[in-house]
Amino acid sequence: MVTSDEGDGDVQPLWLSDDPATAELWTRMHAEHTRSGLWPLLLDSLDPSDGEFRPWGSGEVFPEQMSSPANHDSAGLLAQWWATYTAVDEDDMLDTDRRFAVTAPFGQSWPGPALSRETATDPDHLAAEYAQAFLADHPQTRLGLVAAASGAEALAAVGWSGPCNYDNDTAKFSAVVRDWEHRFGARVIAVGFSTLRLSVAAPPVDEHEALLVAAEHFAFCPDNIWQGSRPYTVAAYAERIAGAHQWDFWWD
């Protein structure tokens, strides 16, 4: 059991494996979730060579600081974040035209969330495939078990603070991920110090859908565009995620 840094040592939001996880173990725990109530997360560390295995082994998790994902509206949050990140102020390093070029063709106007998509792909089967692939590339990953109804809710329940440079209440991000679970068959696979990796059973497939989802990603995690691959635009990012069955996020 991992004890949180907050409180008097009585907050223990997750079980953390002593050894690296295996795909078989993750799959078994995922299948047992309905009975156990424990959601399996593949947990990555800030520095694989650090014995503390931050933030998990070091207890840098803060569940008591988080609200409930049920208290937040995903569409409202995305619209609010979009307005914040597209706002232009006098101290901005980019002029108005260059700032709006980042979010073209939408500029400052929030386009609204993308519609949900039907898929013949089993989200949980795809999640197991992605978990296996992730572990092959990250062999030091450990398994965490969190008492939560879903992967999205596990992010808040465990007290993960990856996006804290943007908002300290991870439940807001959980609310959006929970919405993606329903609309796109997304599943939370792996979580790092400030990274989040999802499998996606029903990704956008055409240009219009991809642009709308890219706008959601920009609102959810602007660093994916601002500090991603060139060119740093929503339109270029949309091309990269069209048809992609995994979504990765990183907050600076």
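Just the heavy atoms: all of them, side chains too, but no hydrogens, waters or symmetry mates, feed the values below.
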For the atom pair [atom1] ([X]) and [atom2] ([Y]), what is the distance rounded to the nearest 0.5 Å?
X: Trp247; Y: Cys221; atom1: CH2; atom2: SG; answer: 13.0 Å
X: Leu135; Y: Gln140; atom1: CG; atom2: CD; answer: 11.0 Å
X: His217; Y: Asp248; atom1: NE2; atom2: CG; answer: 10.0 Å
X: His30; Y: Ile189; atom1: NE2; atom2: CD1; answer: 7.0 Å
X: His72; Y: Gln80; atom1: NE2; atom2: CD; answer: 10.5 Å
X: Arg178; Y: Leu155; atom1: CZ; atom2: CG; answer: 12.0 Å

Measure from the side-chain N and O atoms of [X] to the backbone N and O of [Y], and report whether any donor-acceptor pair falls under 3.5 Å.
X: Thr103; Y: Phe106; answer: no
X: Ser17; Y: Leu143; answer: yes
X: Trp56; Y: Asp44; answer: yes
X: Thr27; Y: Ala23; answer: yes
X: Ser74; Y: Asp179; answer: no
X: Thr22; Y: Leu25; answer: yes
X: Ser194; Y: Asp252; answer: no
X: Glu60; Y: Arg54; answer: no
X: Ser58; Y: Glu52; answer: no
X: Thr119; Y: Thr121; answer: yes

Quiz item: Do other residues, nucleotides or ligands put more than 12 heavy atoms under 6.0 Å from Glu207 CD?
Solution: no

Quiz item: Got a sec: does the CD of Gln132 have more than 12 other heavy atoms crowding it under 6.0 Å?
Solution: no

Quiz item: Between Arg35 and Glu32, is the closest basic N to carboxylate O distance under 4.0 Å?
Solution: yes

Self-check item: Arg187 with Glu181: basic N within carboxylate O range, under 4.0 Å
Solution: no

Quiz prompt | Residue among Tyr85, Phe249, Trp81 satisfying ring pair (Phe, Tyr, Trp, His ring centres under 6.0 Å) with Tyr166 | solution = Tyr85

Exercise. Take the angle between the ring planes of Phe134 and Tyr130 and call it parallel below 30°, perpendicular above 60°, tilted in between.
Key: perpendicular

Quiz prompt | Exercise: identify the closest heavy-atom pair between Ala148 and Ala157 | solution = CB-CB, 4.4 Å

Quiz prompt | Closest heavy-atom pair and its distance - Trp160, Gly192 | solution = NE1-O, 2.8 Å

Under a single-linkage definition using a 4.5 Å side-chain heavy-atom cutoff for Ile, Leu, Val, Met, Phe, Trp and Tyr, are [X] and [Y] assigned to the same hydrophobic cluster?
X: Trp82; Y: Tyr232; value: no
X: Leu41; Y: Met1; value: no
X: Trp251; Y: Val188; value: yes

Quiz item: Run the side-chain contact (heavy atoms from CB on, under 4.5 Å) check on Met29 and Glu24 step by step: do they pass?
Solution: CA-CA 9 Å; Met29 294 298 99; Glu24 292 76 15; over 6 Å; no

[X] side chain near [Y] side chain, heavy-atom distance below 4.5 Å:
X: Phe184; Y: Leu198; answer: no
X: Asn224; Y: Phe218; answer: no
X: Leu196; Y: Val177; answer: yes

Quiz item: Does NZ or CZ of Arg142 fall inside the cone over Phe53's six-membered ring, less than 6.0 Å from its centre and within 45° of the axis?
Solution: yes

Quiz item: What about Trp250 and Trp226, are their ring centers closer than 6.0 Å?
Solution: no

Self-check item: Phe220-Trp180 aromatic ring centre distance below 6.0 Å
Solution: yes

Practice problem: Could I get the full list of ring-ring contact (aromatic ring centres under 6.0 Å, His included) partners for His245, not counting sequence neighbours? | Solution: none

Quiz item: Hey, mind stepping through Asn168 and Met66 against side-chain contact (heavy atoms from CB on, under 4.5 Å) and telling me if it holds?
Solution: CA-CA 8 Å; Asn168 288 324; Met66 311 304 172; over 6 Å; no

